[in-house]
Amino acid sequence: MKKVCVIGWPIKQSRSPLIHNYWLRKYGVDSVYKKLAIEPGNAANFIASLANSEFIGCNVTIPHKETAFKAVVAPDKIAQRLGAVNTVYIRDNQVCGTNTDGEGFLASLKSEFPDFEFGKSKVIVLGAGGGARAIIGALCDEGVPNMGIRNRTLGRVGDLKIQFGGSVHQIEDSELLASLSGCDLLINTTPLGMDSQPPMALDLYTLNPKAIVADIVYSPLVTPLLRDSQIRGNPILGGLGMLLHQAVRGFELWFGVRPEVSRELYDLVAADVKKVSSP
Ligand SMILES: NC(=O)c1ccc[n+]([C@@H]2O[C@H](COP(=O)([O-])OP(=O)(O)OC[C@H]3O[C@@H](n4cnc5c(N)ncnc54)[C@H](OP(=O)(O)O)[C@@H]3O)[C@@H](O)[C@H]2O)c1
């Protein structure tokens with residue numbers, strides 16, 4: 001039987017088995033998707049020897065995404081751009097890797113806001129880590145002309161400017177309030193607002209009332225930033241949609257079936273998140 005897994009350290013928190021085992025049942029695929037706790041020192045070897053193991057592929061989560069990029073033989077263009085792999089698969093006995101975080105965010109945004117005009121929009125991204133890089137790359141590909149990045153560590157914004165060019169700029173503290181008033185999409189990519197983390201401290205009073213506010217944190221399902229935005233009347237996008245949509249391509253690569261992100265799947269995973277998440 002073809003098996004697939006997700007590796008991370010720790011791995012207890014991963015919802016990937018819930019998502020993929022749901023699809024395996026739904027599409028009648030004879031396989032099983034497991035969680036494996038792999039220590040940092042063992043991750044490279046695990047991935048490099050995947051072609052000779054019981055697994056036909058794996059997802060990779062914190063802290064192994066950069067290690068996975070170095071361990072695969074054939075990272076695709078998206079993985080090369082991000083220097084990180086979250087999906088590993090075998091082709092012609094070679095271990096290949098890609099990164100589906102950016103497309104997961106885009107698919108989630110498009111499914112909830114099909115009329116969002118990428119080519120005319122101003123976007124503000126809070127944070128400049130791995131999630132931010134994946135999303136900024138995907139938004140660049142969609143032709144977003146103006147992306148302002150606000151991050152605690154300024155050097156990381158400089159790296160993004162070098163990589164993605166003229167559409168990306170740093171937002172200084174003195175510019176933030178004015179930038180928010182012209183913003184069409186505000187995205188939190190930091191862990192602030194996650195269970196057991198402090199909330200994102202951001203004054204929203206100048207925010208464009210029509211701006212979509214997105215958070216890639218999905219536990220809780222509605223973060224304090226999203227709740228405050230909702231109270232103001234702004235449309236919101238939670239992080240669970242990104243998690244579900246980023247899983248689609250892995251399943252397709254392993255099993256040859258493009259699975260659907262249905263309401264039933266959303267509710268299944270949301271119920272699991274609510275079990276452990278603070279109110
Ligand atoms: N929904 C999904 O599918 C999905 C996918 C990927 C990630 N995520 C979530 O997104 C979050 C970020 O993940 P990541 O992989 O991008 O992490 P990462 O690479 O470690 O980047 C974290 C970013 O958040 C900033 N940050 C962290 N703690 C902060 C604090 N206390 N105050 C201000 N800024 C802070 C960091 O700033 P510095 O540069 O200054 O350190 C950095 O820009 C996590 O909660 C993760 O679970 C969700």
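Remember, it's 1-based here, ligands and their atoms both numbered in the order they're listed.
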Which is it for [X] and ligand 1 at heavy atoms under 4.0 Å: side chain, backbone, both or neither?
| X | result |
| --- | --- |
| Arg156 | side chain |
| Thr190 | both |
| Leu192 | side chain |
| Met194 | side chain |

Parallel, tilted or perpendicular: rings of Tyr33 and Trp254 (30°, 60°):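 Plane angle between 30° and 60°, so tilted.
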According to the interplanar angle, ranging from 0 to 90°, do the rings of Phe255 and Phe251 count as parallel (below 30°), tilted (30 to 60°) or perpendicular (above 60°)?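 The arrangement is tilted - the two ring planes meet at 30° to 60°.
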Distance from [atom] to nearest protein heavy atom, with residue and atom:
| atom | result |
| --- | --- |
| atom 38 (P) of ligand 1 | Thr153 OG1, 3.4 Å |
| atom 5 (C) of ligand 1 | Met242 CE, 3.5 Å |
| atom 11 (C) of ligand 1 | Thr189 O, 3.7 Å |
| atom 6 (C) of ligand 1 | Asp101 OD2, 4.0 Å |
| atom 36 (C) of ligand 1 | Asn151 OD1, 3.9 Å |
| atom 14 (P) of ligand 1 | Gly131 N, 3.8 Å |
| atom 29 (C) of ligand 1 | Arg152 NH1, 3.4 Å |
| atom 23 (C) of ligand 1 | Gly129 N, 4.1 Å |

Within the structure, does Gln246 bring an N/O atom to less than 3.5 angstrom of an N/O atom in ligand 1?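 Between Gln246 and ligand 1, no N or O pair is found under 3.5 Å apart.
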On a heavy-atom basis, I'd like to know which of Ser108, Gly127, Pro191 is closest to atom 24 (O) of ligand 1.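 Selected option, by shortest heavy-atom distance: Pro191.
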May I ask which of Asp159, Ile216, Leu243 has a heavy atom nearer to atom 48 (C) of ligand 1 than the others do?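 The residue whose heavy atom sits nearest atom 48 (C) of ligand 1 is Ile216.
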Using the ring of Phe55 (Phe, Tyr or Trp, six-membered ring only), decide whether Lys34 places NZ or CZ under 6.0 Å from its centre and within 45 degrees of its axis.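 The answer is no; the distance or angle limit is not met.
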Under 4.0 Å from any heavy atom of Tyr218, which atoms of ligand 1 are there?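 Counting atoms of ligand 1 from 1, those under 4.0 Å from Tyr218 are 1 (N).
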What atoms in ligand 1 come closer than 4.0 Å to a heavy atom of Gly239?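 In order of numbering, the contacting atoms are 1 (N).
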Test: [X] and [Y] ion pair at under 4.0 Å:
| X | Y | answer |
| --- | --- | --- |
| Lys2 | Glu54 | no |
| Asp101 | Arg133 | no |
| Asp228 | Arg232 | no |

Donor-acceptor check, side chain of [X] to backbone of [Y], threshold 3.5 angstrom: yes or no?
| X | Y | answer |
| --- | --- | --- |
| Gln163 | Arg81 | yes |
| Asn234 | Asn208 | yes |
| Ser49 | Asn52 | no |

If you count the non-hydrogen atoms of other residues, nucleotides and ligands that lie under 6.0 Å from NZ in Lys120, is the total more than 12?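 Result for NZ/Lys120: open.
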Reported CD1-to-CG distance for the pair Ile236 and Leu226, which is rounded to 0.5 angstrom: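 Nearest 0.5 Å value for the CD1-CG distance: 4.5 Å.
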NE2 of His169 to CD of Glu175: how many Å apart, nearest 0.5 Å?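 Interatomic distance, His169 NE2 to Glu175 CD, rounded to 0.5 Å: 7.5 Å.
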Could you check whether [atom] has a protein contact, counting only heavy atoms that fall below 4.0 angstrom?
| atom | value |
| --- | --- |
| atom 20 (O) of ligand 1 | no |
| atom 46 (C) of ligand 1 | no |
| atom 8 (N) of ligand 1 | yes |

Would Ser181 and Tyr205 count as having a side-chain donor-acceptor pair, cut-off 3.5 Å?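 Short answer, no.
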Heavy-atom gap Ala128 to ligand 1 smaller than 4.0 Å: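 A heavy atom of Ala128 does come that close to ligand 1.
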